[in-house]
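The structure appears right after this line, and notes come after that.
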Number of protein chains: 2
Amino acid sequence: MIQIDYKDSRPIYEQIVEKFKNLILKGVLTTDEKLPSVRSLALELAINPNTIQKAYAQLERDGFIYTVKGRGNFVAEKEDLVMEKKEEILAELRQLLLMAKEVGIQKEELLALFQSLGEK
Amino acid sequence: MIQIDYKDSRPIYEQIVEKFKNLILKGVLTTDEKLPSVRSLALELAINPNTIQKAYAQLERDGFIYTVKGRGNFVAEKEDLVMEKKEEILAELRQLLLMAKEVGIQKEELLALFQSLGEK
DNA sequence: CATGTGTATTACTTATCCTAGTACACTTAG
DNA sequence: CTAAGTGTACTAGGATAAGTAATACACATG
C-alpha cells in the first residue's frame, strides 16, 4: 500500500505523509475509511511505530485524517479538508493585504492584480 | 552602537541584523551612510568577523544595505527598500490568489475581504 | 605597497531533527 | 473482566544542520 524510497533524501515520515495525502486526494482512500494501524504499517515497512505515529499526527494536523484513541486513524471528510484550506488561505490573504496597506500599495494596484487573474 | 544580548536565545548574527534594520528604518542610519567594518565591529563585540559578515550578507539580501568590495557596507535607499517590499508582497499575493482560485474561493468573497480592509 | 576593507575555505561545537526502544493508556470483542 | 489491538508519552541514540571561529585570500585607496 505504501512504500519507502531510501534513495529519497526526505525523512521517512514525510514520505508517508505525502503518499497518504495523495491517496486521499485521489479518492483511493474514502471518507471514514480506516488507515493501517501504526503497528501493522510499521511492521510492514520494517520501521519503528513512532515514525508512523509522527506521520499520522502530521496528517491529522493537516486535516486529512482524524484519530480515535484505541480505535485507529480514519480518513476525514473532503468537505472539511477544502474548508480548512479555504480558511487558511483567507487568513493569509487578510494578513498580506494589511501589509500591503502599510507599504502603501494602492487599491487600484490590488484590483488590477485581481482582475488579471480572474480573466485567465 | 550595537549590543549583543547573551540571554537572548537567537543567534548573534540574527540579533545584529535586527538591530541594524531598526536603526535604518528609524532613520538613525541614513542613506549611503557607512556601517562599521566587519573587523571593527567584530573587535568591539569581541566576536568573529565572519559572524558580522553573515549579518551583513543577510542585510544585503534583504535590501537594507549594499556592499562595495574593499570599501565597506552602506545603507541603501529607503525608496528601494519599500519598492522591494512591495514587489515581495505582490508576488505572494499573486500566488495566494491562484491558490484561492484552485480551492474554489469565489470572487465575491475576495472582493468582500478587500472592501472590509479598505474601510478601516 | 601598506592598510583597511569584504570574501572564501575549513573546521569545530552545539543544537536540532529523525528514528528507535520501551512503557503507558484507551477501546472493544469475547 | 481480560486479552488483544489500538494510539500516546517519554527517553535516548545517531545523524544532520546551524552557528561561530580560525585563517588565508582578494580588492580598493591613499
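Just so it is clear: chains get the letters A, B, ... in the order the sequence lines come, proteins before strands, and each one is counted from 1.
- With sequence neighbours excluded, the residues satisfying salt bridge (charged side-chain N to carboxylate O under 4.0 Å, His left out) with B:Glu109 are A:Lys86.
- The salt bridge (charged side-chain N to carboxylate O under 4.0 Å, His left out) analysis of residues 20-42 of chain A, with sequence neighbours excluded, yields the pairs A:Lys21-A:Asp62.
- Rounding to whole angstrom units, CD1 of residue A:Ile47 and P of C:dG21 are separated by 11 Å.
- In this structure B:Arg10 satisfies the salt bridge (charged side-chain N to carboxylate O under 4.0 Å, His left out) test together with B:Asp8, B:Glu18, sequence neighbours excluded.
- Qualifying side-chain contact (heavy atoms from CB on, under 4.5 Å) partners for B:Ser40, counting only residues two or more places apart in sequence or in other chains: B:Pro36, B:Ser37.
- Toward the 5′ end of DNA chain C lies the nearest nucleotide of A:Arg10, the other residue of the pair A:Arg10 and A:Val68 mapping further downstream.
- Note on residues 67-108 of chain B: pairs passing ring-ring contact (aromatic ring centres under 6.0 Å, His included), not counting sequence neighbours, are B:Tyr66-B:Phe74.
- Think of the region where chain A sits on DNA chain D: with heavy atoms and a 4.0 Å cut, that region ends 5' and 3' at D:dG5 to D:dC10.
- Counting to the nearest Å, the C1' atom of C:dT13 and the CG atom of B:Asn48 are 14 Å from each other.
- Per the geometry, OH belonging to A:Tyr6 stands 12 Å off C1' belonging to C:dC18, to the nearest Å.
- Within residues 11-19 of chain A, the residues that place at least one heavy atom under 4.0 Å from DNA chain C are, in residue-number order, A:Pro11, A:Ile12, A:Tyr13.
- Between the P atom of C:dA8 and the CD atom of B:Gln53 lies a distance of 8 Å, rounded to the nearest Å.
- Applying the ring-ring contact (aromatic ring centres under 6.0 Å, His included) rule to pairs touching residues 17-51 of chain A yields A:Phe20-A:Tyr56, sequence neighbours excluded.
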Begin with the C-alpha distance, continue with both residues' side-chain angles, and end with the deciding distance and a verdict on side-chain contact (heavy atoms from CB on, under 4.5 Å) for B:Leu23 and B:Ile2. CA-CA 10 Å; B:Leu23 289 176; B:Ile2 293 279; 4.1 Å; yes
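- Scanning for side-chain contact (heavy atoms from CB on, under 4.5 Å) contacts around B:Thr67 gives B:Glu60, B:Asn73, with sequence neighbours left out.
- Each of A:Gly70 and A:Lys54 was matched to the nucleotide of DNA chain C holding its nearest heavy atom; the match closer to the 5' end belongs to A:Lys54.
- Looking at every heavy atom in both residues, A:Leu59 comes nearest to A:Val17 through CD2-O, 3.7 Å.
- Here C:dT27 presents its C1' atom at 11 Å from NZ of A:Lys69, a figure rounded to the nearest Å.
- The backbone N or O of A:Leu113 lies less than 3.5 Å from no partner atom in the side chain of A:Gln115, so there is not a single donor-acceptor pair.
- With distances taken from any side-chain atom of A:Arg71 to the nucleotides C:dG6, C:dT27, C:dT9, the minimum falls on C:dT27.
- The minimum heavy-atom distance between B:Ala55 and B:Ile16, with the atom names listed, is CB-CG2, 3.8 Å.
- For the atom pair A:Thr30 OG1 and A:Lys78 NZ, the distance stands at 10.0 Å (nearest 0.5 Å).
- Per the geometry, CD belonging to A:Gln58 stands 16 Å off C1' belonging to C:dT19, to the nearest Å.
- Contacts between residues 34-46 of chain B and DNA chain C, defined by a heavy-atom separation below 4.0 Å, involve B:Lys34, B:Ser37, B:Val38, B:Arg39, listed by number.
- In terms of phosphate contacts, B:Asn73 brings no side-chain nitrogen or oxygen within less than 4.0 Å of OP1 or OP2 of C:dT5.
- Between A:Thr51 and C:dC18, a side-chain N or O to OP1/OP2 separation shorter than 4.0 Å is absent.
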Check the pair A:Leu35 / A:Leu41 against side-chain contact (heavy atoms from CB on, under 4.5 Å), numbers first and verdict last. CA-CA 9 Å; A:Leu35 275 66; A:Leu41 187 55; over 6 Å; no
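- Computed from C1' positions of five pairs at each end, the angle between the two local axes of the helix from C:dC1-D:dG30 to C:dG30-D:dC1 equals 20°, rounded to 10 degrees.
- In this structure B:Ala57 satisfies the side-chain contact (heavy atoms from CB on, under 4.5 Å) test together with B:Gln53, B:Arg61, sequence neighbours excluded.
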